[in-house]
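What follows is a set of notes on a single structure, which appears directly below.
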Amino acid sequence: MHWAAALALLPLGLLGAAAWFGRFVRPGADDWCFLPFVRDEGISGLIAKFYFVDNGRIANAALTGLYAKFDIPGHQWFPVVSGALTLGVLWAVTASALRAAGLSAPRGVPLLLAAMVTAVFLLGSPNTYKTFYWPASAVSHTVAPALPLAAAIVLLRARSRRGRIAALVTAVIAGIVLGTLSEESSVVALVVLSSAVLLGRRLFPEHRRAYVRAWCLAGIAGTGIGILVLLTSPGSRNRRMRYDAEGTSMFAPEQLIESLHAFARILGTLLTTWTYLGAVAAGVLASLLVRGPARAAVPRPRASLLVCAGVLVFLVSGYLCTVVAFPAFGPGIVVVTRSWNDYLLLYTVLLAGAGALLGHALRRGERSGTVLKAAGAAGCVIVCVAFALSLSRLGEDMRVRAADWDRQDRWMRAQAALGARQLPYKPLSVSGMGEPFGKHGSWPADCVADYYYVDRVVRGTRLP
């Protein structure tokens with residue numbers, strides 16, 4: 001079906017445009033501090049700083065160092081690389097899952113489904129800039145959730161004994177990396193894997209059940225090792241002391257209740273953000289185009305189990321992520337939308353799966369199938385158009401900031417070269433990004449001074 005492949009060009013074009021706007025990314029917030037540190041101490045120095053001083057996230061430090069090592073170009077290329085990685089992982093998982101289930105689909109269908117889920121995940125956020133364009137956030141909350149899915153590709157493609165061993169090893173390694181990359185994404189992975197182990201008897205065929213459980217347990221073990229390395233690090237202890245979390249438990253009753261209230265408000269935002277229906281529409285469309293021996297609808301008991309388990313896993317994951325992040329952000333977690341992404345990829349994938357089950361359930365014949373296909377295609381188009389409009393506005397804001405940033409950057413470099421020891425800096429923010437002399441006081445003014453090799457920067461009132 002060539003029209004399915006043609007429809008895939010719409011979300012792909014949208015993602016391409018989003019990546020193209022990456023040329024307007026300039027450092028802000030934490031980036032100001034990472035850049036001079038990596039320049040002077042290297043990636044290994046940043047890893048040591050994260051482990052011994054900041055937070056214990058050594059895998060996070062390695063990825064941060066990789067883009068910070070290239071200064072501004074590293075920031076500009078990061079959205080391209082992370083977007084392509086997310087799309088590629090989802091595409092490979094979709095194609096591999098269809099093959100493992102004995103299903104086939106027209107060539108463009110797995111790509112359409114993967115592209116729509118990627119677009120909804122990256123562009124459906126209340127703050128697309130912090131989700132997609134800000135590397136310091138995306139490393140922890142956007143790239144991290146895709147890592148377990150990447151490990152699942154090896155599982156789905158394993159056919160031989162050697163392949164199955166490779167999948168188990170990959171699960172352990174991915175778990176260790178994830179555990180030292182993002183606490184919240186680790187929580188999501190543990191909840192999903194534990195649910196798969198508990199429900200394996202009813203979800204997986206008998207001949208694959210034992211191996212899938214072993215793979216899940218390998219992932220749980222790896223993630224547990226990674227989290228243990230992180231939590232026992234001096235940096236993690238320092239972070240808990242910094243947020244006054246050493247003497248209080250995040251599982252104290254009053255904290256659990258406050259976290260529940262916060263998560264309820266987050267859910268209210270997610271459930272009223274209509275663009276997430278793009279994932280449902282893509283799932284409906286894909287379910288109507290697959291072919292194979294399992295073409296018939298999923299048996300009702302299993303479909304009901306999948307729906308209930310999916311909803312429960314998402315709710316538990318989201319709530320636990322809120323509990324974990326609450327000591328750092330407090331009730332403000334409701335507006336720190338970048339931290340939601342750890343479970344939003346799961347949410348988006350589940351919506352696509354729900355759409356697939358819905359498509360199976362509603363189809364009653366060729367005529368109803370045609371109507372559903374048209375509705376699914378229309379839903380994808382409408383959501384992509386909405387994303388294109390919001391993306392164009394963000395792109396213009398980024399372009400303006402980039403022009404002002406470059407102008408100020410050239411002037412400050414020139415003044416530093418002439419021997420200036422103190423320089424004025426006018427804050428330049430986009431999408432609520434932190435800048436010196438903003439709501440967090442002078443932070444990160446000292447890092448800006450380090451970046452330009454001067455002793456101090458003060459608040460500027462106009463651009464040079």
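The chain is numbered in sequence order, starting from 1.
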Distance (rounded to the nearest 0.5 Å) between [X] [atom1] and [Y] [atom2]:
X: Arg107; Y: Leu112; atom1: CZ; atom2: CG; result: 15.5 Å
X: Thr348; Y: Phe314; atom1: OG1; atom2: CZ; result: 9.0 Å
X: Ser233; Y: Asn55; atom1: OG; atom2: CG; result: 7.5 Å
X: Leu346; Y: Ser317; atom1: CG; atom2: OG; result: 5.5 Å
X: Leu260; Y: Phe263; atom1: CG; atom2: CZ; result: 9.0 Å
X: Leu111; Y: Leu9; atom1: CG; atom2: CG; result: 8.0 Å

Worksheet item: Charged N to carboxylate O under 4.0 angstrom, Arg393 versus Glu396?
Response: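 Glu396 and Arg393: not salt-bridged.
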Atom of [X], atom of [Y] and distance for their closest heavy-atom approach:
X: Leu391; Y: Leu14; value: CD2-O, 3.9 Å
X: Pro145; Y: Pro148; value: O-CD, 3.2 Å
X: Ala262; Y: Phe326; value: CB-CE1, 4.4 Å
X: Phe387; Y: Ser390; value: O-OG, 3.0 Å
X: Ala18; Y: Phe132; value: CB-CE2, 3.7 Å
X: Pro135; Y: Tyr67; value: CB-CZ, 3.3 Å

Under 3.5 Å: donor-acceptor pair, side chain of [X], backbone of [Y]:
X: Thr272; Y: Thr269; result: yes
X: Lys130; Y: Gly432; result: yes
X: Asn238; Y: Phe52; result: yes
X: Ser137; Y: Trp134; result: no
X: Ser287; Y: Val284; result: yes
X: Ser185; Y: Leu181; result: no
X: Thr142; Y: Thr131; result: yes
X: Arg57; Y: Asp54; result: no
X: Arg401; Y: Arg26; result: yes
X: Ser392; Y: Leu389; result: yes

Discussion item. Run Phe121 and Leu90 through side chain to side chain contact (heavy atoms under 4.5 Å, CB included) and show every step you take.
Written reply: CA-CA 11 Å; Phe121 173 56; Leu90 286 170; over 6 Å; no
Would you say the side chain of [Y] lies within less than 4.5 Å of the side chain of [X], judging by non-hydrogen atoms?
X: Leu358; Y: Leu372; result: no
X: Leu270; Y: Leu344; result: yes
X: Phe70; Y: Trp77; result: no
X: Thr118; Y: Trp91; result: no
X: Ile266; Y: Tyr343; result: yes
X: Pro11; Y: Cys380; result: no
X: Leu156; Y: Ile153; result: no
X: Tyr347; Y: Val188; result: no

Worksheet item: What is the ring orientation for Phe34 with Phe50, classed by angle as parallel under 30°, tilted 30 to 60°, or perpendicular over 60°?
Response: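 Rings of Phe34 and Phe50: tilted, 30 to 60°.
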Discussion item. Over 60° means perpendicular and under 30° means parallel, so tell me whether Trp32 and Tyr452 are parallel, tilted or perpendicular.
Written reply: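 Ring orientation of Trp32 relative to Tyr452: tilted.
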If only side-chain N and O atoms count, and only distance matters, is there a donor-acceptor pair under 3.5 Å linking [Y] with [X]?
X: Thr337; Y: Asn127; answer: no
X: Ser182; Y: Asp342; answer: yes
X: Tyr451; Y: Asp31; answer: no
X: Arg456; Y: Gln422; answer: yes
X: Ser236; Y: Arg240; answer: yes

More than 12 heavy atoms of other groups within 6.0 Å of [X] [atom1]:
X: Trp405; atom1: CH2; answer: yes
X: Asp409; atom1: CG; answer: yes
X: Trp20; atom1: CH2; answer: no
X: Arg99; atom1: CZ; answer: no

Item to complete: Verify side chain to side chain contact (heavy atoms under 4.5 Å, CB included) between Leu147 and Val89, making sure each step is shown before the conclusion.
Response: CA-CA 9 Å; Leu147 183 61; Val89 166; over 6 Å; no
Discussion item. Testing Val38, Asn60, Ile58, Leu66 one by one against Leu46 for a side-chain contact (heavy atoms from CB on, under 4.5 Å), which residue passes?
Written reply: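 Result for side-chain contact (heavy atoms from CB on, under 4.5 Å) with Leu46: Val38.
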Practice prompt. Could you give me the CA-CA distance, side-chain angles and deciding distance for Glu435 and Lys426, then say whether salt bridge (charged side-chain N to carboxylate O under 4.0 Å, His left out) is met?
Written response: CA-CA 9 Å; Glu435 277 282 270; Lys426 177 178 171 58; over 6 Å; no
Worksheet item: Which is it for Gln255 and Val323 under the side chain to side chain contact (heavy atoms under 4.5 Å, CB included) test, yes or no, and what are the steps along the way?
Response: CA-CA 8 Å; Gln255 188 126 313; Val323 170; 5.8 Å; no
Worksheet item: After noting the C-alpha distance and the side-chain angles of Asp450 and Arg39, does the key distance pass the salt bridge (charged side-chain N to carboxylate O under 4.0 Å, His left out) rule?
Response: CA-CA 10 Å; Asp450 291 340; Arg39 178 193 65 201; over 6 Å; no
Worksheet item: Should Leu345 and Leu149 be marked as a side chain to side chain contact (heavy atoms under 4.5 Å, CB included) after you check the CA-CA gap, both sets of side-chain angles, and the distance that decides it?
Response: CA-CA 10 Å; Leu345 181 58; Leu149 284 177; 3.8 Å; yes
